[in-house]
Amino acid sequence: MMKKQLCIFIIVSFLVLLTACQEQNDPAEKAPLENLFAQSELSYGEYLVIFKDVVSRVDAMNIQDPELKRWVIRAIGDEKLTNKRDLSEAEAMEKAQENYQQNKAWMTVAEKKYGITISDEELDIWLEEGPDQADIPLQKAYADALGLTIKELNRNFDRELYEPTLLWEKLIPVLEEEHGTTEREKLLEAFEKEVDKTL
């Protein structure tokens with residue numbers, strides 16, 4: 001269960017969008033959250049209706065913590081688009097907390113075990129060259145429903161979701177040396193085991 005969730009939800013919100021932008025088609029190239037919203041192919045207008053509903057539902061929950069609110073929006077949006085199902089408030093809160101913990105565990109293991117970190121400047125440059133350049137209906141609708149520009153969505157709202165993707169890029173050569181393989185699936189599996197130990 002944890003591995004499945006980690007694979008579905010560590011690099012977040014729109015890593016699949018980033019993958020499309022960078023033309024990385026090999027599944028072994030993906031970091032954990034890249035499947036978020038991956039099975040969705042709707043029009044901008046259809047996405048906008050869905051995301052406005054998601055934002056409205058979460059607003060009605062009166063969540064005071066802005067960070068938790070972001071994770072709840074992601075949890076409800078992910079479930080609605082990938083499984084076409086509405087989460088209950090309790091389910092949304094539980095999934096949001098799990099996803100938050102997994103994201104933090106990913107970052108912690110990268111830093112504490114492997115000494116891999118990224119600076120704000122590195123991430124800003126990476127975002128500018130990748131996600132900020134995306135022109136994808138899903139991402140545009142998501143940003144519009146939140147009242148944000150694409151850049152604001154990437155730099156502020158979803159920033160924490162992109163950090164593990166950049167970390168993964170830096171982790172790959174370290175993991176290849178440690179495990180003596182270049183097979184990305186094996187590397188991801190080994191790293192997931194390390195993350196699981198912290199959860």
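Basis for what follows: all heavy atoms, side chains included, without hydrogens, waters or symmetry-related copies.
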* Decide yes or no for F157 and E152: does some side-chain heavy atom of the first lie under 4.5 Å from some side-chain heavy atom of the second? => no
Kindly indicate whether the side chain of T198, heavy atoms from C-beta on, has any atom under 4.5 Å from the side chain of T108. no
* Are any of the side-chain nitrogens in E98 or K95 under 4.0 Å away from the carboxylate oxygens of its partner? -> no
Of all heavy-atom pairs linking R184 and W168, the shortest is O-CZ2, 4.4 Å
In this structure, CD1 of I116 is separated from CD of E169 (nearest 0.5 Å) by 12.0 Å
*Do the side chains of M93 and I63 get nearer than 4.5 Å, heavy atoms only?*
yes
*asked:* Could you go through R74 and D158, starting from their C-alpha distance and side-chain angles, then the distance that decides it, and tell me whether this counts as side chain to side chain contact (heavy atoms under 4.5 Å, CB included)?
replied: CA-CA 9 Å; R74 295 169 190 147; D158 276 346; 3.0 Å; yes
Margin query: Between K151 and D124, does any side-chain N to carboxylate O distance fall below 4.0 Å?
Written below: no
* To do: Would you check if R159 and D120 make a side-chain contact, meaning some heavy-atom pair closer than 4.5 Å?
  => yes
Y114 and V174 have their tightest heavy-atom pair at CD2-CG1, 3.7 Å
* To do: Answer with yes or no whether the hydrophobic clustering places L48 together with L146; edges join I, L, V, M, F, W, Y residues whose side-chain heavy atoms lie under 4.5 Å apart.
  => no
Are W71 and E160 linked by a side-chain donor-acceptor pair shorter than 3.5 Å? yes
Value for CG (L171) from NZ (K113), rounded to nearest 0.5 Å, stands at 11.0 Å
So CD1 of I172 and CD of E177: to nearest 0.5 Å the spacing works out to 14.5 Å
Quick one: does any side-chain atom of Q64 pair with a main-chain N or O of N62 as donor and acceptor, under 3.5 Å? yes
Q | Between N83 and E79, a side-chain donor and acceptor under 3.5 Å | A | yes
Under-4.0 Å salt bridge between D135 and K140: no
Item to check | Side chain proximity check, L81 to L42, heavy atoms < 4.5 angstrom | outcome: yes
ask   = Tell me, do Y142 and I136 make a side-chain contact under 4.5 Å, heavy atoms counted?
value = no
Residues Y100 and E67: closest non-hydrogen pair is CE1-OE2, 3.3 Å
To the nearest 0.5 Å, atom CG of N99 lies from atom NZ of K104 at 13.0 Å
Is it possible for you to say whether F51 and I150 belong to one hydrophobic cluster, with membership spreading through side-chain heavy-atom contacts below 4.5 Å? no
| query | Under 3.5 Å, is there a donor-acceptor pair between the side chain of K170 and the main chain of T117? | reply | yes
For L153 and A143, the nearest pair of non-hydrogen atoms, with its separation, is CD2-CB, 4.0 Å
Those residues at least two apart in sequence (or on a different chain) that pass side-chain hydrogen bond (donor to acceptor under 3.5 Å, both in side chains) with S88 are E91
Min side-chain heavy-atom separation I118-W126 under 4.5 Å:
no
Here the gap from L175 atom CG to E194 atom CD, rounded to the nearest 0.5 Å, amounts to 9.0 Å
(Q) Quick one about Q139 and N154 (side-chain donor to acceptor, distance below 3.5 Å, no hydrogens or angles considered), yes or no? (A) yes
inquiry  = Pair L87, R85 - check side chain to side chain contact (heavy atoms under 4.5 Å, CB included), show working.
reply    = CA-CA 6 Å; L87 292 174; R85 183 178 84 86; 3.1 Å; yes
Do M107 and L199 belong to the same hydrophobic cluster, where Ile, Leu, Val, Met, Phe, Trp and Tyr are linked whenever their side-chain heavy atoms lie under 4.5 Å apart, directly or via other members? yes
* Asked: Does R155 reach the main-chain N or O of D132 with its side chain, forming a donor-acceptor pair under 3.5 Å?
  -> no
* Asked: If you measure from the Lys or Arg side-chain nitrogens to the Asp or Glu carboxylate oxygens, is any gap between K186 and E176 under 4.0 Å?
  -> no
Exercise for review: Report yes if the side chains of Y162 and L123 come closer than 4.5 Å at any heavy-atom pair, otherwise no.
Suggested key: yes
In short, V72 meets A92 closest at the heavy-atom pair CG1-CB, 4.1 Å
One should read off an interatomic distance between D78 CG and I73 CD1, to the nearest 0.5 angstrom, of 13.5 Å
What one should report as the nearest heavy-atom pair of F191 and A110 is CZ-N, 4.0 Å
